[in-house]
Amino acid sequence: MGAGASAVSALLGGAAAAALLLRWRGRSGLRRAAAEAGRRRRGPALGRMEKAAARFREQNPDVDADPILSLTLVELSEKLRDGSLSPDWVFYTYVDKALQVTKEVNCVTDYLQESESQLQQVKRQEKKDLLYGIPVSIKDSINCKGHDSTLGFAKRLNQPAAEDCVLVQVLKRRGALPFVKTNVPQSLLNFDCSNLIFGQTVNPLDHTRTPGGSSGGEGALISSGGSILGIGTDVGGSLRFPAAFCGICALKATGGRLSKKGVVASIAGQKSAVVGIGPMARDVDSLALCMRALLCEDMFHLDPTVPPLPFNEEVFSSSRPLRVGYYDTDSFTMPSPSMRRAVLETKQLLENAGHTLVPFKPCRVEHLMFDISVRGLFADGSSTFLDRFKGELEDPNVKQLLLLCKAPGWLRRLLSWILKPIEPRLAKTLRNMNERSVKELWKLHCEIEEYCQEFIAEWRKLDLDVMLCPIVGPAFQIGFPGKISVAASYTILYNYLDFPTGVVPVTTVTKKDEEELKSHRGHYNDSWDKIFVKAIRGGVGLPMAVQCVALPWQEELCLRFMKEVETLTRRRQRNL
């Protein structure tokens, strides 16, 4: 978190230095023990994957994996349903590919071996549903019966879920084959992807960089071709960061559109920032197919809290011109040159295609980040978040956040006062992390509602259909997300607003972008702005994405907009 955070570290840690030195050797041993526990749990699972894939190759030596892996989800679904491709071929091809990928980037944490039995059941079904025979990867924190949802904590190993979450049940009823679980950062509250039991997942496009988080294992696996469809969660960008960093697509749905029953939250009971669930894939049509399959009577029956809104084909397939709001900065995290260019080039493509683009200024983002977001996530003085770490060693990537969370309230207030002249953003963060009374929390919920209505009023005033805006990029170097969590300003906004938001890759970082980055100062020119530059520099050739946003419950319109952006971007790339 920069120079200010270093000062905080010194002030908080000086008195404990001797004790920490004495405990170092013990902690080092515990870290090794945690990693060994992870290896004991994962090793046999990957071994079973390897045996299954080897057995299939031996029995089917003529199966060519490349044509299968090159198909889009829509193409694959059609071939499986019309019988021109065998579900066995597809399933074991992806098992084999996922195994290869995880050896390179460390993204798979568990093999759902029961998927092999399920494959045989699916083949016997007369009805070939939308996801018939499709292998699907699942984020660690989403419950699958008989398997751990660790959140990157050693103490959650060997605590298998008693039943599948509703989403997994629906996937299976629609013919899909959930087959692996994927890695996450410890506690989920980080957009890196590392923990002490399964280690660091790396970005498949550059192994010195993070794939993003917290759905980082999904991002790395899908980007590498080891999965054609994945399911993740998002409380501040956890679907969108990995999609942007790994060059794939993702959709964070409105909080209540998909069931969250059986999905483990990073901060249990926290309701201020709304958790969204959604699919990740290599193209927008794949996301739409997944949503089409999930929004069905099975989900509405299994979880009656989900409104019975089936997928609206008319909205998704519409070709009417859109009125698109756009902004290239939120005036809080200054966009990198490639972030701004990604938005402005996409804006031009949309205008050339006949859409109307309208400038938009997001309201009071600094107020959102400090007076709403920090207070909302840590309204209990970080107590619930810290409970996750009891009896647990901390991954280095969450160390600085934990340092702030563990500081007593009086010390946070003192440090806030000291740091205010030199690090005003860090000072405001510290000030707002203190415990709130119930009355104060209710008042905060009113503020969130007022902020949401203010945002919608501006949206309505401009008569917008959708919004185009940046997402942070390119992929951060490993270890940096934990030092600059405020970079989530572009994503967490839409968790507090609870708007459906998607990510589409549109360009890559150029040498000109990299040159312009040298003069990047940020809106505050503080330590966080300086760390941001260090985190992203050297990213020439890495993917850059944009966010596509719609109003609550309008996932189909969001996807339709994403599809338009994807189509125009691909057309431009073909013409280059």
Side-chain angles (χ1 to χ4, degrees), residues 234 239-240 243-244 249-258 274 276 278-279 283-285 287-289 291-292 295 307 309-330 340 342-363 365 451-471 490-491 493-506 545-572:
D234 186 311
L239 281 160
R240 290 164 286 162
C249 300
L251 173 70
K252 177 199 77 69
T254 307
R257 191 74 195 268
L258 297 173
V274 181
D283 58 68
V284 177
D285 279 335
L287 304 180
L289 178 61
M291 291 297 289
R292 195 178 286 121
L295 296 172
L309 299 172
F311 192 83
N312 191 323
E313 293 289 351
E314 183 179 352
V315 171
F316 178 64
S317 60
S318 171
S319 58
R320 72 172 179 85
L322 296 169
R323 189 169 172 85
V324 183
Y326 76 94
Y327 58 93
D328 61 10
T329 180
D330 63 4
R340 176 169 276 135
V343 170
L344 296 180
E345 287 183 356
T346 304
K347 166 194 173 280
Q348 191 61 55
L349 288 175
L350 290 163
E351 281 184 326
N352 293 346
H355 303 285
T356 301
L357 275 292
V358 182
F360 184 93
K361 182 176 174 59
C363 49
V365 174
Y451 184 88
C452 185
Q453 293 306 321
E454 180 183 349
F455 198 98
I456 290 173
E458 185 65 19
W459 185 298
R460 292 299 195 199
K461 178 182 173 183
L462 297 173
D463 192 27
L464 303 179
D465 294 309
V466 289
M467 184 80 73
L468 171 72
C469 57
I471 183 164
Y490 286 99
T491 50
L493 166 66
Y494 294 108
N495 292 93
Y496 277 92
L497 294 173
D498 196 18
F499 287 11
T501 310
V503 164
V504 183
V506 295
V546 293
Q547 288 191 101
C548 300
V549 187
L551 291 174
W553 309 106
Q554 296 186 9
E555 279 73 16
E556 295 88 346
L557 181 57
C558 184
L559 286 164
R560 185 255 152 133
F561 180 39
M562 292 170 68
K563 178 65 177 175
E564 184 75 1
V565 169
E566 178 185 67
T567 300
L568 294 173
T569 298
R570 290 181 174 182
R571 185 180 301 161
R572 179 190 63 182

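In what follows, every heavy atom counts, from backbone to side chain, and hydrogens, waters and symmetry copies are set aside. Everything numeric here is computed off the predicted structure, so don't read it as measured data.
Across C249 and A243, no two heavy atoms sit closer than the pair C-CB, 4.0 Å. Contact record, Q547 with V503: CG-CG2, 4.2 Å, taken as the closest heavy-atom pair. Across every non-hydrogen atom of D498 and P552, the tightest pair is O-CG, 3.6 Å. Shown here for E564 and A353, the closest heavy-atom pair between the two residues is OE2-CB, 4.2 Å. The nearest pair of heavy atoms linking V506 to T569 is O-CG2, 3.2 Å. Contact detail for G255 and V274: the closest heavy-atom pair is CA-CG1, 3.6 Å.
Taking a cutoff of 4.0 Å between a charged side-chain nitrogen and a carboxylate oxygen, K347 and D328 do not qualify as a salt bridge.
For Q453, the CD atom sits in a packed shell: over 12 heavy atoms of surrounding residues, nucleotides or ligands are nearer than 6.0 Å.
Going from atom CG of L287 over to atom CD of E555 covers 12.0 Å, rounded to the nearest 0.5 Å. To the nearest 0.5 Å, the span separating OH on Y327 from CG on L468 amounts to 9.5 Å. Expressed to the nearest 0.5 Å, how far CG of D465 lies from OG1 of T356 amounts to 9.0 Å. Rounding to the nearest 0.5 Å gives a distance of 4.5 Å between CZ of R257 and CG of L295. Atom OH of residue Y496 and atom SG of residue C452 lie 13.0 Å apart, to the nearest 0.5 angstrom. Here CG of L497 is found 10.5 Å from CD of E454. Values are rounded to the nearest 0.5 Å.
Side chain of E566 to backbone of V284: a donor-acceptor contact under 3.5 angstrom is found. In this structure, the side chain of T567 engages the main chain of K563 through a donor-acceptor pair within 3.5 Å.
Using a 4.5 Å cut-off on side-chain heavy atoms (C-beta onward), D283 and R570 make contact. Contact of the P279 side chain with the M291 side chain is registered, since non-hydrogen atoms from C-beta on lie closer than 4.5 Å. Put simply, the side chain of L551 reaches to within 4.5 Å of the side chain of R460, judged on heavy atoms. Side-chain atoms of L559 and D285, non-hydrogen and from C-beta on, never get closer than 4.5 Å to each other. The shortest side-chain heavy-atom distance between N495 and R240 falls under the 4.5 Å cut-off. Contact annotation: the side chain of L350 never approaches that of Y326 to less than 4.5 Å [non-hydrogen atoms, C-beta and beyond]. Looking at L557 and L322, their side chains come closer than 4.5 Å, going by heavy atoms from C-beta outward. Side-chain contact between V565 and V546 is present, with at least one heavy-atom pair separated by less than 4.5 Å.
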Q: Evaluate the side-chain contact (heavy atoms from CB on, under 4.5 Å) criterion for residues V466 and H355: first the C-alpha distance (whole Å), next the side-chain angles of each, then the deciding distance (0.1 Å), finally the verdict.
A: CA-CA 11 Å; V466 289; H355 303 285; over 6 Å; no
Q: List the steps and the verdict of side-chain contact (heavy atoms from CB on, under 4.5 Å) for L239 and L251.
A: CA-CA 7 Å; L239 281 160; L251 173 70; over 6 Å; no
Q.
Would E313 and R292 count as a side-chain contact (heavy atoms from CB on, under 4.5 Å) here? Give the steps.
A. CA-CA 9 Å; E313 293 289 351; R292 195 178 286 121; 2.3 Å; yes
Q: Determine, stepwise, if the pair Y490 / T329 fulfils side-chain contact (heavy atoms from CB on, under 4.5 Å).
A: CA-CA 9 Å; Y490 286 99; T329 180; 3.7 Å; yes
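Between R560 and N312, the side chains place no donor N or O within less than 3.5 Å of an acceptor N or O (distance only, hydrogens not considered).
Listed by chain and number, the residues in a ring pair (Phe, Tyr, Trp, His ring centres under 6.0 Å) with W459 are F499 (sequence neighbours excluded). Residues meeting the side-chain hydrogen bond (donor to acceptor under 3.5 Å, both in side chains) test with T346, sequence neighbours left out: none. Taking R323 as the reference, nothing meets the side-chain hydrogen bond (donor to acceptor under 3.5 Å, both in side chains) condition, with sequence neighbours excluded.
Residues F316 and F311 bring their aromatic ring centres within 6.0 Å.
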